[in-house]
Amino acid sequence: AQSVSQHNHHVILSEAASLELGCNYSYGGTVNLFWYVQYPGQHLQLLLKYFSGDPLVKGIKGFEAEFIKSKFSFNLRKPSVQWSDTAEYFCAVKTGNTPLVFGKGTRLSVIA
Amino acid sequence: KAGVTQTPRYLIKTRGQQVTLSCSPISGHRSVSWYQQTPGQGLQFLFEYFSETQRNKGNFPGRFSGRQFSNSRSEMNVSTLELGDSALYLCASSWRTSGGTGELFFGEGSRLTVL
């Protein structure tokens with residue numbers, strides 16, 4: 001069965017620092033990849049997605065992610081974080097007809 | 001366009017009781033999935049319904065059940081509640097069943113506390 005690993009449980013950054021959150025999945029077939037974000041008190045919302053094509057995908061609010069098939073990875077990046085990026089970030093992977101599988105999440109705290 | 005609506009938003013129950021949670025998907029969405037979110041385990045898949053039929057089921061005990069109505073609204077039920085059932089229960093809808101792209105639209109969740 002597919003599994004998703006997010007390497008960092010909690011990341012603390014200062015404003016303007018660069019961000020990279022790691023995500024690896026276990027099954028190497030055809031996959032659809034997602035990053036979701038959950039701001040405090042809000043519902044999970046889609047940040048970006050990859051289905052096929054250019055492995056570097058851009059999402060909302062300046063986020064991007066790179067799909068590296070050989071490494072089974074889909075890391076999330078942002079060049080300069082803001083206080084408003086404080087949230088929990090979830091990587092998710094879809095394989096075939098199976099349900100979407102989520103990682104355990106990474107909590108990002110951005111301090112002024 | 002209204003999003004996914006879950007009710008109730010918060011509820012407190014005691015061990016041994018049962019609970020029913022409701023979810024109204026985005027208009028036109030026919031697939032509803034349920035997830036349990038806890039701090040230690042993240043989001044764990046419970047089940048998915050499409051056209052009133054359960055299409056996928058996660059690894060949860062039989063105390064967890066669900067159904068979907070002809071208008072795509074869904075309910076999930078947890079019987080004989082245990083302390084470990086305390087969690088945020090998330091409902092998500094999509095256009096298609098799991099054979100689709102996998103993109104889900106989430107509600108705000110129902111936070112269940114079991115005392």
Side-chain angles (χ1 to χ4, degrees), chain A residues 1-10 21-25 27 29-53 57 59-60 65 67 74 87-109, chain B residues 1-7 9-10 23-26 29 31-50 53-60 64 66 74 87-111:
Chain A
Q2 181 70 268
S3 66
V4 180
S5 299
Q6 292 184 239
H7 314 302
N8 308 101
H9 178 63
H10 188 193
L21 301 182
C23 172
N24 287 89
Y25 58 93
Y27 175 67
T30 300
V31 292
N32 290 345
L33 301 160
F34 304 83
W35 276 97
Y36 281 84
V37 60
Q38 190 173 37
Y39 297 105
Q42 295 188 27
H43 65 280
L44 268 168
Q45 53 191 285
L46 184 67
L47 201 54
L48 48 77
K49 59 190 177 186
Y50 172 81
F51 294 161
S52 64
V57 293
I60 60 172
F67 170 48
F74 189 55
E88 190 152 18
Y89 294 81
F90 293 90
C91 179
V93 179
K94 174 86 168 61
T95 310
N97 292 329
T98 61
L100 195 58
V101 176
F102 286 82
K104 292 187 177 182
T106 297
R107 186 156 65 99
L108 172 65
S109 299
Chain B
K1 197 174 191 179
V4 177
T5 304
Q6 292 188 244
T7 56
R9 291 290 314 283
Y10 303 91
C23 172
S24 293
I26 291 172
H29 285 191
S31 173
V32 172
S33 298
W34 289 89
Y35 286 82
Q36 182 194 64
Q37 184 180 5
T38 56
Q41 297 300 316
L43 278 81
Q44 294 188 289
F45 174 75
L46 281 157
F47 24 67
E48 179 202 1
Y49 287 88
F50 181 82
T53 302
Q54 187 178 87
R55 298 303 176 109
N56 280 295
K57 188 176 190 305
N59 189 26
F60 278 81
F64 292 80
S74 177
L88 182 65
Y89 290 87
L90 295 172
C91 171
S93 72
S94 63
W95 301 103
R96 297 174 57 186
T97 186
S98 291
T101 63
E103 183 172 353
L104 299 178
F105 297 83
F106 283 86
E108 292 183 317
S110 292
R111 184 167 295 282

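As a basis for the values below, the full set of heavy atoms in this structure was taken, side chains included, without hydrogen atoms, waters or symmetry mates. Please read these numbers as outputs of a predicted model, since none were measured by experiment.
The two residues A:Leu44 and B:Leu90 make their nearest non-hydrogen contact at CD1-CD1, 3.8 Å. For the pair B:Glu103 and A:Lys49, the tightest heavy-atom approach, listed with the atom from each and the gap, is OE1-NZ, 2.7 Å. Scanning all heavy atoms of the two residues, the minimum distance from B:Leu43 to A:Phe90 falls at CD1-CE2, 3.5 Å.
Although no hydrogens or angles enter the test, the distance criterion places a donor-acceptor pair under 3.5 Å between the side chain of A:Tyr36 and the main chain of B:Leu104.
The number of heavy atoms from other shown groups lying within 6.0 Å of OH (A:Tyr27) does not exceed 12. More than 12 heavy atoms of other residues, nucleotides or ligands sit less than 6.0 Å from atom NE2 of A:His10.
Of the two parts of B:Gln6, neither the backbone nor the side chain holds a non-hydrogen atom closer than 4.5 Å to a non-hydrogen atom of chain A. Neither the backbone nor the side chain of A:Gln45 comes within less than 4.5 Å of any heavy atom of chain B.
Side-chain contact between A:Gln38 and B:Leu88: present, with at least one pair of heavy atoms (C-beta onward) separated by less than 4.5 Å.
Aromatic rings from B:Tyr35 and A:Phe102 are positioned such that their centres are separated by under 6.0 Å.
To the nearest 0.5 Å, atoms CD (B:Glu48) and CG (A:Leu100) are separated by 10.5 Å. Atoms CD and CD, from A:Gln42 and B:Glu108 in turn, are 8.0 Å apart once rounded to the nearest 0.5 Å.
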